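Right, one structure below, let's go through it.
Letters A, B, ... are given to chains in the order of the sequence lines, protein chains preceding strands, and every chain is numbered from 1. Bear in mind the structure is a predicted one, so any value in this text is a computation, not a measurement.
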2 protein chains.
Amino acid sequence: MKQKKEGKRDLIIKTASQLFQCQGYHGTGLNQIIEESGAPKGSLYYHFPKGKEEIALEAILLMKEQVLEEAQGDLNKKDSAVEAFQFHIEQIAAEFDKKMNMEGLPIGLIASETASTNEKLRCACQSAFQEWQSLYTDKLKQFGYTKEKAKELSIAINAMIEGGCILAMTSESGEPLRTIAKQLPLLLKKEE
Amino acid sequence: MKQKKEGKRDLIIKTASQLFQCQGYHGTGLNQIIEESGAPKGSLYYHFPKGKEEIALEAILLMKEQVLEEAQGDLNKKDSAVEAFQFHIEQIAAEFDKKMNMEGLPIGLIASETASTNEKLRCACQSAFQEWQSLYTDKLKQFGYTKEKAKELSIAINAMIEGGCILAMTSESGEPLRTIAKQLPLLLKKEE
DNA sequence: TCTAAATTATAACGATTGGTCTACATAATA
DNA sequence: TATTATGTAGACCAATCGTTATAATTTAGA
């Protein structure tokens, strides 16, 4: 009952999330979401009466949660800030080396294509970025950085990862992200 | 003659370039390009018989050239790598503070939304990134970095700027880019 | 078992999309 | 001026888009 109810709706969100990361909001049509999720078209509007935008808002939440979860896990595995963030970025890089699944750009793609035309989606994306950056800030503070510095670095790291994912997608390789990870010892160097 | 010939065609490319940076390839329709450029629809297919993709390829070249020109100019104005790149990034940040014009994401947006579905566009974007990175590499070498280090840093800087533009668009402010510029002294610190 | 609610199937809709085509207009050249 | 080359206007097309609506089917609960 409850399991089946959550199934189709969640399947749509999950599939939409993946497609939006790879092709963007405008480049992904509802028919493709339906086909790839296996969900019925009648269900789409039943579950999401406000249509495509509503699906996108849910997809953005899912992207945010997924990255939060992965980042949390990765950042908890190491004892220093440099190692932790390098590990996290290298995990992302590894995803781009798998030829089977095309990896995408979480949040950043849908954010940049809709920022100027859809205020709801822009706000949802901004919220997601803020949460990611809060996690990074908290982690950096735990590693001994001042609140101010942690805040700045979380923005820089977020930008680097988003930009790195763009380069990875464009070059079809995780290499740019690994290059970025390699610069972290300097970027995160604590000043005396 | 030649002036008028270049006029409409270039106007289409310029307008398309701007719209693709703000809304992406799929989020921009040909009718909007025509309306905003003032060019005639008959001319669109006259000048670009291969259609939308052909316009996009030209738009990508223009984006590349515009950023190359700006970066070249900015980077030539300062005596140290840190100052030069900070200046360049701060110039970009300032563009996002102008409320009149919505600023976009050159190359990165069209790259990320088409990387998995359009090989020609992906390759054109990859080419553009390579040229930007080559300029950064050359400049860093001039400032005394080893070839190896210069190459790595050019990738990291490119990623930071692209990612920073995404954050700027999403937050409707140049502030994330200024925060990024502030991290450059450490990132570009020369190791002894 | 029956009833109500939830979900699905499917056709249709209006709008927009990128593209084609033809006649006409304008500019350039001899 | 006449001819050629270049460019424009605007109608049309098929396909796709996101959405609506209704009937049918399935599920859940009493």
Test item: E54(A) and Y45(A) side chains (from C-beta on) under 4.5 Å apart, heavy atoms: no
On the side chain of K8(B), is there an atom forming a donor-acceptor pair with the base of dT6(D) - under 3.5 Å, no angle test? no
May I ask you to say whether D97(B) pairs ionically with R178(B), meaning some side-chain N is under 4.0 Å from a carboxylate O? yes
Roughly how many Å is it from CD in Q32(A) to C1' in dT16(D), rounded to a whole number? 13 Å
Between P of dG18(C) and CD1 of I55(B), the distance in whole Å: 9 Å
Decide, yes or no, whether a salt bridge links E119(A) with R122(A) under the criterion of side-chain N to carboxylate O below 4.0 Å. yes
Electrostatic pair E83(A):K77(A) at N-O distance under 4.0 angstrom: no
Listed nucleotide nearest any side-chain atom of L30(A), set dA9(D), dT19(D), dT17(C): dT19(D)
Quick note, K41(B) side chain, CB onward, closest among dG19(C), dT17(C), dT10(C) is dG19(C)
Heavy-atom nearest nucleotide on DNA chain D for Y25(A) versus G42(A): which residue maps closer to 5'? Y25(A)
Please state whether the phosphate of dT16(C), meaning OP1 or OP2, lies under 4.0 angstrom from any side-chain nitrogen or oxygen of N31(B). no
Value in whole Å for how far the P atom of dT16(C) lies from CD1 of I33(B): 17 Å
If the plane angle is over 60° it's perpendicular, under 30° parallel, otherwise tilted; pick one for F20(B) and Y25(B). tilted
Once you round it to whole Å, what is the distance between C1' of dT6(D) and CG of L44(B)? 16 Å
Spacing between I34(A) atom CD1 and dT16(D) atom P, to the nearest angstrom: 15 Å
Y46(A) or K52(B): which one's nearest nucleotide on DNA chain C is closer to the 5' end? Y46(A)
Between dG18(D) atom C1' and I12(A) atom CD1, what is the distance in whole Å? 14 Å
When you measure from the side chain of Y45(A), which nucleotide among dA9(C), dC17(D), dT19(D) comes out closest? dT19(D)
Taking the minimum atom-to-atom distance to the side chain of H47(A), which one of dG18(D), dC17(D), dT7(C) wins? dT7(C)
